[in-house]
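Inspection log for the structure reproduced underneath, given as structure tokens.
Reckoned from all heavy atoms, side chains included, excluding hydrogens, waters and symmetry mates. Quick note on labels: first sequence line is chain A, next is B, and so on, each numbered from 1.
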Number of protein chains: 2
Amino acid sequence: MSEFKRSSSRPQVNPQPVPKIGKSERTRAAILNAALDFIWSHPFRDMTVHSLMASTGLSRSAFYQYFNDLHDLMETLLETVRVEVLAVTGPWFTGVGDPVVLLNESLDGLVDVCYRQGPILRAIDDAAATDKRIEKAWAQFFGEFNDAASARIEADQGQGLIPDFAARPVAIALNHLDAYTLIEAFGRRPRSKREPVREALARIWISTLYGSEWLGKESSNLVRT
Amino acid sequence: MSEFKRSSSRPQVNPQPVPKIGKSERTRAAILNAALDFIWSHPFRDMTVHSLMASTGLSRSAFYQYFNDLHDLMETLLETVRVEVLAVTGPWFTGVGDPVVLLNESLDGLVDVCYRQGPILRAIDDAAATDKRIEKAWAQFFGEFNDAASARIEADQGQGLIPDFAARPVAIALNHLDAYTLIEAFGRRPRSKREPVREALARIWISTLYGSEWLGKESSNLVRT
DNA sequence: TGATATTCTGACATCATGTCGGAATTTAAA
DNA sequence: TTTAAATTCCGACATGATGTCAGAATATCA
């Protein structure tokens, strides 16, 4: 029924325009795009199968040929974001070189992705509150990052770069810090400015792990200010 | 229909047992207790007016004499928790004396309250995802803490106790850190152990604000280890 | 063109919500 | 104790969202 405006610049689901592609895949992508459009301009709680399909020209029941329910659809979106976030945070998790520089790189990337995907992340988090399966997927998503961050902290502790403390609870806490600070800042419009958020996160991570004397070490400039 | 077990030790809503009290207030308290019982053993998404009232012996429609809807009820619970959390975090926000000691005190208290009220906090957060009004109340709740923390940080910056940086984004981030770390740790059963969580939070707050050399300064013992 | 497979739809059953008129019960006065 | 007023409670209803299914419409391809 109620058409919602298509918002200008948001990521689209690859429509594979040229090559031979089943109608089925095209319709599925259309529904996913409708979902993205919706999420960009409404809270997840207002999303219904009806409201979604209205903007596609198809009937409500057609939805169920492509997804089991709205949460199934949200899991698909989570998977896209998951890949992107994992890729961009790679430097600190697995890179070699000055860890503070790598950490800054990873945080930069993370802030960027979350700025672009904020409403999606927020919608996923909201959806996790209303569905067991998404809740589980969301928890696994966090789990990956908790494992990776714990491992990195322990490795750096082994090198004497980070003081000795129980790595995992700190890793978990810092990941929650990121996730919810970023969702809050960028999950609804108008989104906050990127820079103050980035600075706050970097300050907290670096002070906690490597010591505040390394703050502001953005590039691999080896001179300590 | 389905009875859910009453879990042993959780806060009860004051039933005002002895003095003359309207039947209305007693029933209202009974419903609130039923809600607490429910939340203690089920996720918020499974709570329905039906499931709630079944455990009270009253009809479903009786519920609406006492609350507009489930979210109205959740707002009542939020208010209780809000008061308790504000009280326990008072030391660092408004106290005088060594700020690191005060901060430790506040975090101790906060961890304690959240350990006891974890499932409620989690339910409120879940409810905020599904209702505009709770979302707003929840945001105001955070707002109070963001204001108080920003003010304290700025005050201590004025004293030269905390390095100069934009206080508010850091305050917001640290508050999200607490909220979601604590909800994650204590919001569902089995709850995590308190100590590792407390230590992780204290480490992060203190490293970020006052510098890691003050870690472990729990009492007003003025000797620095 | 016609046969087959795919995609789509309307109608249905289910379930939770919130409202309403009136029934049942409590309260307090006579 | 009786009775009338007020409070508390309940069944029944209308609404709106969900997910399913049989069959209609459409696309695909020989």
[X]: what forms a side chain to side chain donor-acceptor pair (under 3.5 Å) with it, not counting sequence neighbours?
X: A:Asp46; answer: none
X: A:Asp69; answer: none
X: A:Thr80; answer: none

Calculate the interatomic distance between [X] atom [atom1] and [N] atom [atom2]; express it in whole Å.
X: A:Arg45; N: D:dG16; atom1: CZ; atom2: C1'; answer: 18 Å
X: A:Ile31; N: C:dT7; atom1: CD1; atom2: P; answer: 12 Å
X: A:His50; N: C:dA11; atom1: NE2; atom2: C1'; answer: 16 Å
X: B:Glu25; N: D:dT8; atom1: CD; atom2: C1'; answer: 13 Å
X: B:Met53; N: D:dC9; atom1: CE; atom2: C1'; answer: 9 Å
X: B:Arg26; N: D:dT7; atom1: CZ; atom2: C1'; answer: 13 Å

Closest to the B:Thr27 side chain: C:dC8, D:dA17, D:dC9?
->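 Closest nucleotide among those given: D:dC9.
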Any idea which of D:dA17, D:dC9, C:dC8 is nearest the B:Leu58 side chain?
->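 The closest nucleotide is D:dC9.
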Would you call A:Arg194-A:Asp112 a salt bridge at under 4.0 Å N-O?
->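 A:Asp112 and A:Arg194: salt-bridged.
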Taking NZ, NE, NH1 and NH2 as the nitrogens, is one of them in A:Glu25 or A:Arg28 under 4.0 Å from a carboxylate oxygen of the other?
->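 So A:Glu25 does not pair with A:Arg28 through a salt bridge.
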Using only heavy-atom distances, decide whether a donor-acceptor pair under 3.5 angstrom links the side-chain of A:Ser61 to the base of C:dG10.
->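 Between C:dG10 and A:Ser61, which were checked side chain against base, a qualifying N/O pair under 3.5 Å is present.
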Classify the side chain of A:Arg60 versus the base of C:dG10 as yes if they form a donor-acceptor pair under 3.5 Å and no if they do not.
->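 Under the 3.5 Å cut-off, the side chain and the base do not form any donor-acceptor pair.
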Report the residues that fulfil side-chain contact (heavy atoms from CB on, under 4.5 Å) with B:Val113, sequence neighbours left out, ordered by chain and then residue number.
->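 Only B:Glu84, B:Val85, B:Val88, B:Arg116, B:Gln117 meet the side-chain contact (heavy atoms from CB on, under 4.5 Å) criterion with B:Val113.
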Describe the nucleic acid contact of A:Thr48 in one word from base, sugar-phosphate, nothing, applying a heavy-atom distance below 4.0 Å.
->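 The residue A:Thr48 makes sugar-phosphate contact but no base contact.
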Among all residues two or more places apart in sequence or in another chain, which pass the ring-ring contact (aromatic ring centres under 6.0 Å, His included) test with B:Phe186?
->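 Testing B:Phe186 for ring-ring contact (aromatic ring centres under 6.0 Å, His included), a comparison that skips the adjacent residues, returns B:Tyr115.
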DNA chain C contacts made by residues 63-74 of chain A, counting heavy atoms under 4.0 Å |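 Contacts with DNA chain C under 4.0 Å: A:Gln65, A:Tyr66.
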